Amino acid sequence: MGAPAAINFLHFVVVPLACGIVLVQTRVKHRQQISTSKALFMGLLILFGITVASAILNGAGAINALVDFLLLTEPFLLLLTITCIPFSAKDLKRFKGWLLGFGFANLLLALVERVLIDAHILDHTKLTVEDNVQGVFYLSYGGHVVSANVSLIFCIYFFLRVKTAPLWLRLAVVVATLLQIQVADAKQVLLVAVAAWLLLIVSRSKNIVLVIKYAIAASIVLPILWWCIQNVDAFGAYKAWINRDIYGPNGDATLLKTGPLRIIPTYYESALNWFLGLGPGHTVGRLGGWLLKDYEALLKPFGATTHPVTDVIWATYNGNYLDSTMFSPFWGFAGVWGDLGFLGLLSYLYLWFLAWTRLCPTDSCRFILLNVIVNGFILTLMEEPGFMLSVAALIGLQWHEWQVAKRAHYQQLYQQQLDGIGTASHF
């Protein structure tokens, strides 16, 4: 809309500020909320210390350390904020209404964009027609993938958790989401969802009943998807990924994808680099791969630094016939490891472990989290604020809904005990 580029960094101020205000003013007394908040805070503190140590070791700019830390931890800062808020039932309902409104806005806008592009009302010369279907992320790099991922997690929550909505509406959202994925040509979103679903089945292996239910559903959905890929023109693009010649230990896709794991260590100057990496923003994360280039004029005056390894890895990708993001050497976990080493990667995984064990009480919540983990092996979506803040908000919402339901259940049991005591006293 013509606003200064700095507006894209506004959330880096808003989210930490909101978190700080809530931490100072919160009146939470619930033991589990306090315990979860403390664990998240300590995890964030550890990762911050490792980021600063990596920056000092590698001579990275202070702005590198700050932005890289916020890119990785902003969703956890939002989760920490949400868990520290003592939501009443009324407040939680309003919060849920806002999130559903955001989800519907992104989904409907994406579908409208495709209609307007086909009608030549919206310009699509900057990108392909499909890549311009970006919902609220209109005309941003990779916006079609971000928007489709946001729609997917919104769809999962709405279909499985909003039981007050009529079935036809929940099914309509599912159909609309699949339609968006198709018209935006966001193929990887569907494949990531399938992978996350399979991982969810494995994670629930102790619950035989759930495993059987999920396995039956998978045995129905996956063959249908395979048949569509083989026989329906609209799914023909998926065939390009089934070429077995590009996989295997020496396949082109494997070599391109794992390039950072081989190239980055060749630039190590000491054994400490194995533990602390090459410095925040210096390898294949979102900061090093894109932001330092796209916002050079904004970040350079603050002392932003770069590293030659980034350009070397870009050279392996630019012009490669495997130009799909599925095979990009710029992917989340490689970026965390490259920038911050094994200590940074372990501390980052610890934050996700906390989210899984303490903040994901439902399977819909776990499925959303697993979507993030799978995406971490594809591109830098783990550092995409629009997607990650949406994930954090939906996980935080479901955690609070679960807390409210649990308290209501205990109150009901307590009331039943009181009623039993009163009845016994009467007799």
Side-chain angles (χ1 to χ4, degrees), residues 1-18 48 51-52 54-75 77 122-128 131-132 134-147 260 263-264 267 277-320 323 325 328-332 334-336 338-340 344 379-389:
M1 295 182 179
I7 197 173
N8 290 319
F9 292 85
L10 184 60
H11 57 90
F12 286 142
V13 177
V14 174
V15 173
L17 182 61
F48 180 73
T51 303
V52 172
S54 176
I56 294 173
L57 174 68
N58 295 283
I63 190 68
N64 287 50
L66 178 62
V67 176
D68 197 56
F69 175 74
L70 289 174
L71 280 169
L72 291 174
T73 62
E74 195 176 31
L77 288 172
L122 283 182
D123 178 35
H124 64 83
T125 55
K126 293 183 180 179
L127 300 167
T128 65
D131 287 355
N132 270 305
Q134 301 183 351
V136 299
F137 305 95
Y138 189 64
L139 287 187
S140 61
Y141 177 80
H144 65 302
V145 174
V146 178
S147 178
I263 296 172
I264 290 173
Y267 285 83
L278 289 178
H282 280 181
T283 62
V284 294
R286 184 173 177 82
L287 179 60
W290 284 277
L291 290 186
L292 287 176
K293 296 178 182 292
D294 296 342
Y295 297 95
E296 182 179 6
L298 184 64
L299 296 175
K300 276 289 184 183
F302 291 98
T305 56
T306 58
H307 195 283
V309 71
T310 305
D311 291 330
V312 172
I313 295 172
W314 265 117
T316 68
Y317 188 45
N318 286 330
N320 195 296
D323 59 351
T325 53
S328 171
F330 292 83
W331 43 286
V336 178
D339 286 355
L340 306 178
L379 204 60
T380 57
L381 209 63
M382 294 192 312
E383 299 169 82
E384 165 53 50
F387 172 61
M388 292 306 302
L389 294 178

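Predicted, not measured: the structure shown is a model, and the values here were computed from it.
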Legend entry - Interatomic distance, Phe330 atom CZ to Thr325 atom OG1 [nearest 0.5 angstrom]: 13.5 Å

Legend entry - Side chains of Thr305 and His282 in contact at under 4.5 Å (non-hydrogen atoms): yes

Legend entry - Phe12, CZ atom: more than 12 neighbouring heavy atoms under 6.0 Å: yes

Legend entry - Donor-acceptor contact present, side-chain Thr73 to main-chain Phe69, <3.5 Å: yes

Legend entry - Nearest non-hydrogen partners of Trp331 and Pro260, listed with the distance: NE1-CG, 4.4 Å

Inset, instruction - Using atom types as modelled and distance alone, determine if a side-chain donor or acceptor of Thr51 lies under 3.5 Å from a backbone N or O of Ala65. - result: no

Inset, instruction - Start with the C-alpha gap between Leu379 and Val145, add the side-chain angles, then the distance that decides, and say whether side chain to side chain contact (heavy atoms under 4.5 Å, CB included) holds. - result: CA-CA 10 Å; Leu379 204 60; Val145 174; 5.9 Å; no

Legend entry - Shortest non-hydrogen contact between Pro329 and Thr316, atoms and distance: CG-OG1, 4.2 Å

Inset, instruction - Give the minimum heavy-atom separation between Pro385 and Glu74, together with the two atoms involved. - result: CB-OE1, 3.8 Å

Inset, instruction - Report yes if the side chains of Ile264 and Ile313 come closer than 4.5 Å at any heavy-atom pair, otherwise no. - result: yes

Inset, instruction - Work out which heavy atom in Pro16 is nearest to a heavy atom in Leu77; give both atom names and the distance. - result: CG-CD1, 4.2 Å

Legend entry - Heavy-atom donor-acceptor pair, Asn58 side chain to Gly277 backbone, under 3.5 Å: yes

Inset, instruction - Could you list all the salt bridge (Lys or Arg N to Asp or Glu O under 4.0 Å) pairs where at least one residue sits in residues 285-306, not counting sequence neighbours? - result: Arg286-Glu384, Lys293-Asp311

Inset, instruction - Can you see which heavy atom on Gly303 is nearest to which on Asn64, and at what distance? - result: O-OD1, 4.3 Å

Legend entry - Partner set under side-chain hydrogen bond (donor to acceptor under 3.5 Å, both in side chains) for Tyr295, not counting sequence neighbours: Asn8

Legend entry - Distance-minimising heavy-atom pair for Thr310 and Thr283: OG1-O, 3.0 Å

Inset, instruction - Only one of Leu291, Leu70, Asp68 passes side chain to side chain contact (heavy atoms under 4.5 Å, CB included) with Glu383; say which it is. - result: Asp68

Inset, instruction - Describe, in one word, how the ring planes of His307 and Tyr267 are oriented to each other, choosing from parallel (under 30°), tilted (30 to 60°) and perpendicular (over 60°). - result: perpendicular

Legend entry - 4.5 Å side-chain heavy-atom contact, Leu71 and Thr380: no

